[in-house]
2 protein chains.
Amino acid sequence: MASRTRPAQRRTEALSRERIVEAAVELLDAAGEGGLTVRALTQRLATGPGTIYWHVGNRGGLLDAATDAVVAAALATEPAGAPGTPQDEIRAIALGLFDAIAGHPWLATQLATQLSRSPWGLVTPRIFESIGRRVRALGVPEGDWFTAASALVHYILGAAGQNAANARVLASDADRAEFLDAASRAWEELDPDDYPFTRAVANQVREHDDREQFLAGIDLILTGVTTLHPPTGQAPAPPAT
Amino acid sequence: MASRTRPAQRRTEALSRERIVEAAVELLDAAGEGGLTVRALTQRLATGPGTIYWHVGNRGGLLDAATDAVVAAALATEPAGAPGTPQDEIRAIALGLFDAIAGHPWLATQLATQLSRSPWGLVTPRIFESIGRRVRALGVPEGDWFTAASALVHYILGAAGQNAANARVLASDADRAEFLDAASRAWEELDPDDYPFTRAVANQVREHDDREQFLAGIDLILTGVTTLHPPTGQAPAPPAT
DNA sequence: ACCTGAACACCGTTCAAGT
DNA sequence: ACCTGAACACCGTTCAAGT
């Protein structure tokens with residue numbers, strides 16, 4: 001029996017950047033952005049602050065890495081076997097991001113921060129490419145690719161971010177109903193002179209389904225794209241006046 | 001030595017919540033979210049931390065108040081005398097928010113944070129109402145008001161937020177050209193196998209105009225809305241198959 | 001190369017005390 | 001009612017020192 005005597009070591013593997021990012025995501029999921037502190041991380045990983053700073057530059061870099069890791073995972077599940085129409089694939093990708101933000105609500109703020117800081121980070125091209133390929137498959141003329149893909153990505157990130165709060169409470173259906181009821185009631189109590197429209201749609205808030213509503217917005221943009229930027233060779237419809 | 005950076009002059013008026021929020025916006029504009037510290041505020045207002053906490057609850061509340069103040073100001077300029085078509089008014093409101101975020105880049109992150117936290121804060125109804133009235137004026141059937149207005153608001157906030165970085169450097173045309181050139185070049189250098197679409201549109205990035213692009217997205221949604229939710233009495237177009 | 005932990009500068013917030 | 005400033009707990013980050 002040639003069993004190697006394993007030296008008693010604290011951790012079985014050396015700490016890695018991946019392991020640290022993984023722990024960061026766990027902390028963020030558990031307690032939001034405020035939950036990610038270097039000290040909480042050192043405790044969870046049984047190490048000192050110096051180790052964190054040796055592997056990842058600083059807290060900001062860690063936040064960026066966590067964001068990229070979660071987005072990459074969400075987009076990785078996209079080629080779901082059977083390819084559908086470009087529209088179907090866009091809906092699937094969009095829902096994947098929507099659900100990722102629902103599962104990691106801190107993503108909403110973090111994506112806004114990261115994207116507003118520099119559009120050529122890691123995250124933007126990833127999302128842009130994924131949507132863009134389907135825009136191309138739609139037959140949109142090349143000159144309109146950037147406009148069409150941008151509109152979709154902007155909408156997806158904007159809508160998903162603003163639904164993060166709803167989704168967080170989605171756990172129980174009763175909680176969700178209570179949440180929507182409270183939201184609806186708050187809107188019904190607004191000043192009738194200042195907020196006639198918002199009051200009028202308050203009951204639609206109570207009954208709506210986040211994901212359906214989100215997809216309805218996607219369909220509005222897709223309809224606009226195929227109407228204003230039809231495949232080359234087909235005449236564009238006259239602008240609605 | 002009696003030299004001070006600030007004249008040891010006593011304030012003429014008592015501090016007010018409005019004055020504090022105003023100073024907070026100045027600090028945010030000057031140095032981003034990190035620039036707003038209670039200590040920087042006490043120095044600028046020549047007071048102690050207790051005063052800040054007496055007038056506004058805490059730093060979070062101050063951030064919310066600053067966000068609401070800037071958004072309210074942006075929406076207040078909307079009734080620009082001559083009323084146009086609902087489409088024109090939606091474009092004008094959207095551009096107002098776009099420019100507000102461009103002038104106060106910290107708004108992007110702050111809006112995402114505030115909206116993802118609770119959709120029934122102050123800011124959401126303000127924006128929603130402003131857009132919603134024009135959706136109604138468009139003749140959209142009442143059952144589709146919420147969907148149409150939501151799509152527009154989600155897009156506006158998403159797109160404006162993601163353009164905050166570009167806008168920040170918009171000061172000089174030369175700086176802007178350099179910025180877009182760097183962005184375009186970064187995309188051209190992506191892996192050809194992983195990012196064919198993104199590389200293909202890289203040169204459109206260099207030439208695009210933020211505001212035009214933003215409005216093009218608005219028009220895509222408006223086209224979708226008038227196509228899928230035409231005024232009652234007109235038959236909706238068949239879904240694209 | 002990787003890790004440790006004390007130390008530093010800074011932060012949000014509280015509160016007894018003043019006017 | 002409004003303001004002051006010391007004090008507290010906590011934070012991100014650094015760095016000389018260890019293996």
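None of these values were measured; they are calculated from a predicted model. Below, chain A is the first sequence line, B the second, and so on; all start at residue 1.
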Only pairs at least two apart or in different chains count here, so list each side-chain hydrogen bond (donor to acceptor under 3.5 Å, both in side chains) that has a residue in residues 147-161 of chain B.
->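 Found Q213(A)-S150(B).
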
Tell me the side-chain hydrogen bond (donor to acceptor under 3.5 Å, both in side chains) pairs involving residues 24-44 of chain A, sequence neighbours left out?
->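 Those involving residues 24-44 of chain A are E26(A)-R44(A), D29(A)-H104(A), D29(A)-W106(A), E33(A)-R59(A).
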
So F128(A) and F197(B), would you call those rings parallel, tilted or perpendicular, with 30° and 60° as cut-offs?
->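 Aromatic pair F128(A)/F197(B) classed tilted.
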
Mark yes or no for whether R134(A), through its side chain, and S130(A), through its backbone, hold a donor-acceptor pair below 3.5 Å.
->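 Judged by distance alone, yes, a pair lies under 3.5 Å.
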
Does any N or O in the side chain of T113(B) come within less than 3.5 Å of the main-chain N or O of T109(B), such that one atom is a donor and the other an acceptor?
->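 Checking the backbone N and O of T109(B) against the side chain of T113(B), a donor-acceptor pair under 3.5 Å is found.
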
When you compare dC2(C) with dA17(D), how far apart are their P atoms, in angstrom units rounded to a whole number?
->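 So the two P atoms sit 22 Å from each other.
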
Atom pair distance, as rounded to whole Å: [atom1] in [X] and [atom2] in [N]:
| X | N | atom1 | atom2 | value |
| --- | --- | --- | --- | --- |
| R17(A) | dC2(C) | CZ | P | 14 Å |
| Q43(A) | dC10(D) | CD | C1' | 14 Å |
| L41(B) | dC3(D) | CG | C1' | 15 Å |
| L45(A) | dC2(C) | CG | P | 16 Å |

Apply salt bridge (Lys or Arg N to Asp or Glu O under 4.0 Å) to D194(B) and list each qualifying residue two or more places apart in sequence or on a separate chain.
->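 So D194(B) forms no salt bridge (Lys or Arg N to Asp or Glu O under 4.0 Å) with any residue.
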
Below 4.5 Å, heavy atoms only, C-beta onward: do V71(A) and L111(A) meet side chain to side chain?
->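 V71(A) vs L111(A): side chains touch.
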
Residue-phosphate contact under 4.0 Å: T51(A) side-chain N/O, dC2(C) OP1/OP2 =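 No, because none of the side-chain N or O atoms of T51(A) sits under 4.0 Å from OP1 or OP2 of dC2(C).
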
Within the pair H55(B) and dC3(D), is there a side-chain N or O less than 4.0 Å away from OP1 or OP2?
->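 So the side chain of H55(B) is within the cut-off, an N or O lying under 4.0 Å from OP1 or OP2 of dC3(D).
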
Applying the Watson-Crick and G-U criteria (both distances under 3.5 angstrom) with [ ] for crossing and | for other-strand pairs, one obtains for DNA chain D ||.|||||...|||||.||

Mind listing the N/O atom pairs, protein and nucleotides 11-13 of chain D, below 3.5 Å?
from    : atom 1 : to     : atom 2 : distance (Å)
dG12(D) : OP2    : V38(A) : N      : 3.0
dG12(D) : N7     : R39(A) : NH1    : 2.7
dG12(D) : O6     : R39(A) : NH2    : 2.7
dT13(D) : OP2    : Y53(A) : OH     : 2.7
dT13(D) : OP2    : R59(A) : N      : 2.9
dT13(D) : O5'    : Y53(A) : OH     : 3.2

Who pairs with R91(A) by side-chain hydrogen bond (donor to acceptor under 3.5 Å, both in side chains), at least two apart in sequence or on another chain?
->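 Residues passing side-chain hydrogen bond (donor to acceptor under 3.5 Å, both in side chains) with R91(A): D88(A), D219(A).
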
